[in-house]
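First up is the structure itself, then whatever we jot down about it.
Note that the structure is a prediction, hence the values are computed from the model and not measured.
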Amino acid sequence: MKLKRIPRLSRLIFLTLMLIGLSCSSYAQSPPPGNKKILILVGYQYGLPVPDAFTKSAIASLKAKGISADDIFIEYLDLLRNPQAEYRQKLAELLHRKLNTYILGVIVAFSASAVRFLENEGRDLFPAAPLIINTGTRTTEWKGVPREVHTMTSVMDFSGTLQYALALLPKTQRVIVTLGRDHEGIAARAHESLAGYESKLAIEYTSELSYEEMLQRVTHAPADTIILNSSYFGDKTGRNFIPAEVSKKIAGNANAPVFVMYDNLVGNGVLGGSVLRSEAVATVLADLALEIMHDKQTSKLSDLISTPVIPMFDWTQMQRWGLDMDKLPPESLVLNQPVTLWGQYKEFVIAVVLALLLLSVLVLLLYGQNRLRRKAEILARESEERFRVLLEHAPEAVILLNIDQHKLIDANSQAKRFSEGARQALLNLQLPGMTEHGVAESIDAEIKQALDGGEVMLEKYMNMDGEARYWEVRFVRLPAARQSLLRASFTDISERKQTQQALARLNDELEERVKLRTADLQKTMDQLHHFQEELLQSKKLAALGGMVAGVAHELNTPIGNCLLTTTTQSHDLQELERAMAHGLKRSVLQAYMQNSTTALAITEKNLLRASELVACFKQVAADHRTSERSHFSLRALCNECLQTIAAHRPTHEYQIVQDIPQDIELDSYSGLLGQVLENLIVNAMVHGYDDRGHGTIHIAATCSQAWVKIEVSDQGLGIAAESQGRIFDPFFTSKMGRGSVGLGLHIVHNIVSTVLAGRISVTSKVGEGTIFTLDIPCTAPQANARQIEQLFVE
């Protein structure tokens with residue numbers, strides 16, 4: 001026991017002497033003016049990879065931002081190896097005496113042990129200085145100290161590391177998490193992060209094992225195991241360890257891949273993981289410290305600031321365990337990967353490749369240019385040869401002239417037969433020989449027009465080959481540099497001229513013949529129009545005669561009945577007068593009264609029938625009120641039509657089926673469209689089912705773009721094929737003389753085709769039924785009152 005106390009006592013004596021020396025010297029010093037200082041408190045001892053890398057990176061980052069090394073204080077508190085309260089108290093006094101002569105701009109506490117030191121022993125240590133806490137927890141409670149505190153978390157990513165490990169080793173069944181004494185709350189964070197995997201994997205924690213037991217456990221781990229190594233500072237026996245050395249020992253003895261959460265531990269047998277980078281942590285802390293020191297707005301800095309993690313792996317360990325590099329995240333940082341030519345001389349390789357590509361492109365361009373030049377030369381020779389063949393074998397005579405040099409350059413075989421005088425005349429810019437008027441004609445104006453770029457064509461009567469003939473002369477300028485070249489072609493058109501003259505004479509003769517034939521044809525057409533008018537009048541009279549015969553037949557019965565009744569009534573009245581002259585009996589008077597009542601009833605019934613027939617011709621006049629334009633629902637209009645029909649004739653025996661969607665809206669003439677639907681439905685009852693009183697009538701409608709299609713169909717008698725072309729004619733009916741006058745479908749056709757601007761057609765087979773199809777626009781064109789009035793007049 002005494003041997004264990006000697007090192008502790010020696011450290012206390014050493015710290016006491018240092019505090020006395022510093023206290024004696026501090027009384028003689030006064031706070032020197034100067035910049036604010038930055039104090040970094042590290043809870044661990046010096047020599048640990050992670051804290052040392054952090055402090056090194058923090059110093060480098062602060063220096064890069066203009067902070068002098070003289071303004072940076074770093075204190076390694078060594079709290080894990082010295083947890084005694086007396087040591088911690090003396091350490092607080094030592095820091096106070098050491099730094100109270102400076103103005104601290106900010107304090108940075110690295111690790112939870114440093115934070116607890118400030119919460120307890122360092123409560124009054126530079127209370128005016130803002131504090132930045134870097135811990136591994138996301139909930140840091142500061143116990144009532146009036147200090148400006150900013151928290152940055154550097155949480156070990158247990159879950160992310162395990163996720164990467166399972167991606168590389170999908171057959172894993174067991175996870176061993178190497179934990180020692182829980183000085184920093186690491187065990188709780190590990191349990192919290194890995195809780196979601198406990199139902200899938202067997203997770204084992206070594207916090208209750210000694211160091212040797214922990215090594216034995218990882219050494220004899222099953223084949224389907226992975227190891228998550230956290231910061232191992234000590235075991236349950238109270239011994240302290242260096243986490244980097246423990247990590248290396250575990251990696252050397254483990255029978256399974258080892259994953260870590262700090263970048264400084266990757267390598268030396270460790271495979272990798274989702275790691276915290278000390279350099280990134282230090283840079284974030286340095287930036288935060290500088291913002292606070294420069295008195296920037298720090299309200300947003302009071303929130304938790306998390307440092308990022310990155311995937312980092314060791315290439316040699318990937319090869320050792322036979323893992324697939326393609327399963328690593330794309331942003332992974334791979335260490336110890338063999339240096340390749342590309343990796344070592346990347347810029348040089350790119351430059352060489354680009355130079356080679358450029359040279360290759362230039363070579364290809366030169367090669368292509370040479371090929372194009374040779375091809376152009378071949379094409380030029382071929383073009384020249386083709387031109388020569390075309391020129392030589394042309395049916396017309398062709399001459400090439402150099403106007404500037406007054407020289408004939410070339411001529412084809414057809415032109416060579418011209419006389420020398422003719423060619424010389426061309427060189428003198430005159431048409432050779434004599435014209436029809438016997439005078440040589442100059443062509444200077446035509447030559448100038450051709451040289452200006454236009455094509456000049458002349459038809460002249462000339463003597464070119466010893467015989468005066470008609471020639472077609474064409475002048476075209478040829479492209480040439482610094483020369484005026486002209487192509488002159490001569491085509492013998494004497495036969496064409498003769499043919500044209502003959503055609504002109506023939507045309508004159510034909511025109512005279514056409515005039516005579518036209519007069520005869522006009523006379524015939526006049527006679528034909530006269531015959532057509534007579535035929536149309538005959539058809540109208542025939543239709544009118546049929547209508548009049550039908551109307552006369554229909555009216556003859558009720559009027560004849562009325563005449564017979566009134567005649568009988570007159571005879572009874574005479575009998576009554578004779579009876580009154582000889583003495584009127586009661587029985588005679590009663591018989592007369594009874595006969596009179598019967599006669600009046602018969603007369604009234606027949607007069608009503610005659611009135612209905614007359615009203616049939618007047619129904620249109622009563623419908624003028626329905627010609628108002630409105631916005632309405634087609635389904636609602638159909639329901640109104642059915643109600644109107646039911647009020648005038650029994651419809652309960654007919655099955656009327658509607659298939660009209662609710663959303664079909666029309667901007668049209670509802671009254672006229674309703675009259676059309678009523679006429680078609682009544683037509684199906686009267687003609688389709690021959691007034692049998694029962695049957696099925698189907699009304700369907702569909703809307704496509706701006707048009708509505710309405711079908712009214714029945715399964716009745718049908719319409720004969722020879723009658724389908726006449727059903728829309730006026731006065732055509734299959735029941736003439738039986739109460740129908742043949743105007744219903746004619747009015748329907750006029751309404752649909754004129755005011756509603758639509759079309760109506762019929763499809764029918766005898767014995768199978770009839771379908772009337774209406775195609776009308778959703779928005780009808782505006783119709784004037786005269787158009788609607790004319791509709792009913794017709």
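Heavy atoms from other residues, nucleotides or ligands lying under 6.0 Å from CZ of R374 number more than 12. Environment of NE2 in H96: sparse, with no more than 12 heavy atoms of neighbouring residues, nucleotides or ligands closer than 6.0 Å. The local environment of CD in Q705 is sparse, with at most 12 non-hydrogen atoms from other residues, nucleotides or ligands closer than 6.0 Å. More than 12 non-hydrogen atoms from other residues, nucleotides or ligands lie less than 6.0 angstrom from CD of E213. By the 6.0 Å contact criterion, CD on E75 is enclosed, its count of non-hydrogen atoms from other residues, nucleotides or ligands being greater than 12. Counting non-hydrogen atoms of neighbouring residues, nucleotides and ligands closer than 6.0 angstrom, the CD atom of Q45 exceeds 12 such neighbours. Counting non-hydrogen atoms of other residues, nucleotides and ligands closer than 6.0 Å to CG of D324 gives a total above 12. Residue-environment remark: NZ (K236) exceeds the threshold of 12 foreign heavy atoms within 6.0 Å.
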So R81 and D78, salt bridge (charged side-chain N to carboxylate O under 4.0 Å, His left out) or not? Walk me through it. CA-CA 6 Å; R81 295 192 301 182; D78 198 8; 2.9 Å; yes
Residue pair R239, E212: steps toward the salt bridge (charged side-chain N to carboxylate O under 4.0 Å, His left out) verdict: CA-CA 11 Å; R239 290 177 294 173; E212 290 76 13; 2.8 Å; yes
Given the rule in the salt bridge (charged side-chain N to carboxylate O under 4.0 Å, His left out) test, do D287 and K65 qualify, once you have shown the distances and angles that lead to the verdict? CA-CA 9 Å; D287 293 341; K65 293 176 175 59; 3.1 Å; yes
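Evaluation of the salt bridge (charged side-chain N to carboxylate O under 4.0 Å, His left out) test over residues 251-274, restricted to residues two or more places apart or in two chains, returns D263-R277.
Side-chain contact, N229 with T178: a donor N or O sits under 3.5 Å from an acceptor N or O. One side chain, T237 or D235, offers a donor N or O that lies under 3.5 Å from an acceptor on the other. Judged purely by distance below 3.5 Å, without hydrogens or angles, the side chains of Y76 and D52 pair a donor atom with an acceptor atom.
Side chain of T225 to main chain of A256: no donor-acceptor pair is present (N/O by atom type, distance under 3.5 Å, no hydrogens or angles). Proximity of a side-chain donor or acceptor of T161 to a complementary backbone N or O of S274 within less than 3.5 Å is detected. Between the side chain of S57 and the main chain of A53, a donor-acceptor pair closer than 3.5 Å is present. Side-chain atoms of N255 come within 3.5 Å of backbone N or O of A221 as a donor-acceptor pair. At least one donor-acceptor pair closer than 3.5 Å links the side chain of S360 to the backbone N or O of L356. T172 contributes no side-chain N or O that, together with a main-chain N or O of R174, makes up a donor-acceptor pair within less than 3.5 Å.
Considering only heavy atoms from C-beta on, P311 comes within 4.5 Å of P329 through its side chain. With a 4.5 Å cut-off on side-chain heavy atoms, L104 and K36 do not count as touching. Two residues are said to be in side-chain contact when any heavy atoms from C-beta on lie closer than 4.5 Å; Q337 and Q319 fail this criterion. Using a 4.5 Å heavy-atom cutoff, the side chains of W321 and L271 are in contact. The side-chain heavy atoms of L276 and D157, taken from C-beta on, include no pair separated by under 4.5 Å. In this structure the side chain of V270 reaches within 4.5 angstrom of the side chain of S247, judged on heavy atoms. Residues I132 and I107 fail the side-chain proximity criterion, which asks for heavy atoms closer than 4.5 Å. Here the side chains of I176 and R217 are in contact, with some heavy-atom distance below 4.5 Å.
Nearest heavy atoms, V106 versus A289: CG1-CB, 3.8 Å. Of all heavy-atom pairs spanning A92 and L125, the tightest one is O-CD1, 4.1 Å. When all heavy atoms are compared, the tightest approach of A190 to Y205 is O-OH, 3.8 Å. Contact detail for S113 and L80: the closest heavy-atom pair is CB-CD2, 4.4 Å. Here the closest non-hydrogen pair linking N268 and A251 is O-CB, 3.7 Å.
Considering only residues two or more places apart in sequence or on other chains, R373 meets the salt bridge (Lys or Arg N to Asp or Glu O under 4.0 Å) condition with E377.
Aromatic pair F259/Y164: centroids not less than 6.0 angstrom apart. Two rings, from F241 and Y211, have their centers less than 6.0 Å apart.
We find the OG-CD1 distance between S383 and I378 to be 13.5 Å, quoted to the nearest 0.5 Å. Taking OG from S61 and CG from L290, the interatomic distance works out to 7.5 Å, rounded to the nearest 0.5 Å. Between I67 atom CD1 and I59 atom CD1 the span is 12.5 Å, to the nearest 0.5 Å. Taking CG of L364 as the start and CZ of R371 as the end, the distance is 11.5 Å to the nearest 0.5 Å. Taking CG of N120 as the reference point, atom CZ of R88 lies at 6.5 Å (rounded to 0.5 Å). Rounding to the nearest 0.5 Å gives a distance of 9.5 Å between CG of L168 and CE of M325.
Using a 4.0 Å cut-off between charged side-chain N and carboxylate O, K37 and D71 make a salt bridge.
Relative ring orientation between F233 and Y44 is described as parallel, the plane-to-plane angle staying below 30° on a 0-90° scale split at 30° and 60°.
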